[in-house]
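See below for the structure under consideration.
Read the numbers this way: they start at 1 and go in the same order the structure lists the ligands and their atoms.
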Amino acid sequence: MTDPIRAAWDTLHAIDHPTLAALFEDTVRVESLSGRIEWPSQDGDCGILFDWSKTHLNAPLIAGFEQLANACDFAGQREKLFNAEIINVTEGRAATHTAMRGAGEASKVEEGEALLRRMGILVEAIHDGALGDVKHLIHIGIGGSALGPALAVDALTRDLAKVDVHVVSNIDGVALEQAFKACDPATTMVAVASKTFTTIETMTNASSALKWLGDNGVDDPSGRVVALTASPEKAVEWGVDETRVLPFPESVGGRYSLWSSIGFPVALAIGMEEFTQFLNGALAVDAHFAETNGADNLCLRAAFADQYYTRLRGCQTRAVFAYDERLDLLPDYLQQLEMESNGKRVTASGDQVDGPTAPITWGGVGTDAQHAVFQLLHQGTHLVPVDFIASIVPGDMLDPAHHQILLTNCFAQGAALMAGGNMSADGTDPARAFPGNRPSATILCDDLDAATLGALIAFHEHRTFANAVLMGINPFDQFGVELGKKMAKDIESGGAEFDASTRALLEKSGLG
Ligand code: F6P
């Protein structure tokens, strides 16, 4: 009997690669390959348009990928995700991040609501002055405990923040010193965010922050600390009062934890009402992802295109350009989400994968990137699928010309990548030739508010999950980060032998 997954890939490999120009002869292509996810807002329905028409997906490819999704039991895996079944098989855990925003297994949703209420009480107490005058928060965490808070605070508080938040992740003391310079110790709180409460960078930075408070006249530095963690007992042991420990479940992965107490700095900066909107936007995407089948499921459709470019066209990277300054940290956030989740070489059952897994995610903001890296996208030898992200409503109050130029450039880039042409007078100069037929997708938000940001992030979480299912890998572990951490400890303890190059580097730096 033929393996159904192999059979689906055989079908996909046999399909011709049409050009985008040929695909656009279909007059209903844009409607067929665009879809919206919406949620109610004060001013009527609000939402995001996902236009995948400038990718090479067509009816035969979609049918082939739907065959693959069935062969991979996509529907069954999705059900396991929302039912809090053990889907992170290598660590024997469920993945319950959706429950933190209200979607999934009832007891996990209830647990999420209770934890959110607890966080809300502390946030509101701080806003009401119960912990004294709090003007600044230094949020200390790394990876999943930092990238989400940094992105959301940066995106949502450009106009006004209830508390001024500084996210510090790097062990390089320069990062923490910079936050110290921007904060007044008398009005500063510290959030220590760590799922494990053992990460060396976070614990070292946290100790230095406490010392800074003490050295600068704060009587009880520990009294100014809030812990955000899945290991509450460790936080208490470290000296944080139980009333200021905001726990989250072990089954919420670090890079999926922004919806849990790791979102505390976001809630503190924007207020609980707005934070609830943030969760609600994500919840709208959960509902779409859980209830929509086949390529109408926009997260799965995006994963079909991702798999097409990685596995059938050999693309090694994918690029994301936000034509919105407020999303300048989004590529960093997506890098961790996608590369730590799907940068794997064995399947969930431990077999060698039979094709490439996650491409390298990279990107930047438009229009800046146009003047720096777009040369390669238009004329380089690599085929790079691009996502463009923009908001119809501007984030600024300046002359509308700013936003018009921003949006027209965004749309022009997608059109130019697809159309190609020759910019020389006689149309023959090869240096001025654009091959075209280069793919892009456009994610167009009605307005970049808290709900929209939540929806955008949840869309990428589910897209990442869908890609993992189609490749048969477990997106919820990250053992690849462990070996380097162990070796750093070995160097510190002096208890291990290293290669000649590493020994020489250590000696030259006075560490050997
Ligand atoms: O080293 C990788 C990692 O484990 C990430 O997955 C995680 O988000 C980050 O470190 C921080 O871990 P923690 O929240 O436990 O401090």
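For ligand 1 and T199, the ligand atoms under 4.0 Å from any heavy atom of the residue are 12 (O), 13 (P), 15 (O), 16 (O). Residue contact check: E340 has heavy atoms under 4.0 Å from atoms 2 (C), 5 (C), 6 (O) of ligand 1. If you number the atoms of ligand 1 from 1 as listed, the ones under 4.0 Å from a heavy atom of Q336 come out as 5 (C), 8 (O). Atoms of ligand 1 lying under 4.0 Å from any heavy atom of Q478, numbered from 1 in the order shown and given with element: 6 (O). Atoms of ligand 1 lying under 4.0 Å from any heavy atom of T196, numbered from 1 in the order shown and given with element: 13 (P), 15 (O), 16 (O).
No side-chain donor-acceptor contact under 3.5 Å links T55 and Y309. Side-chain atoms of N205 and T202 form no donor-acceptor pair, as typed in the model, at a separation below 3.5 Å. In this model, a donor atom of one side chain and an acceptor atom of the other lie less than 3.5 Å apart for T90 and N474. Side-chain N/O atoms of D306 and N467 include a donor and acceptor closer than 3.5 Å.
R244 and L131 make their closest contact through CD-CD1, 4.2 Å (heavy atoms, listed as atom of the first residue, atom of the second, distance).
For the pairing with Q478, the side chain to side chain donor-acceptor pair (under 3.5 Å) check across Q336, R255, K344 returns one residue only, R255.
Side-chain contact between L505 and F498 is absent, with no heavy atoms from C-beta onward closer than 4.5 Å.
Proximity of K485 to ligand 1 is established by a heavy-atom distance of less than 4.0 Å.
For atom 11 (C) of ligand 1, the closest heavy atom belonging to the protein is I142 O, 3.2 Å. The shortest contact between atom 7 (C) of ligand 1 and any protein heavy atom is with G144 N, 4.0 Å.
Closest to atom 14 (O) of ligand 1 by heavy atom, among S145, G143, A146, is S145.
Considering backbone and side-chain atoms together, T202 places no N or O closer than 3.5 Å to any N or O of ligand 1.
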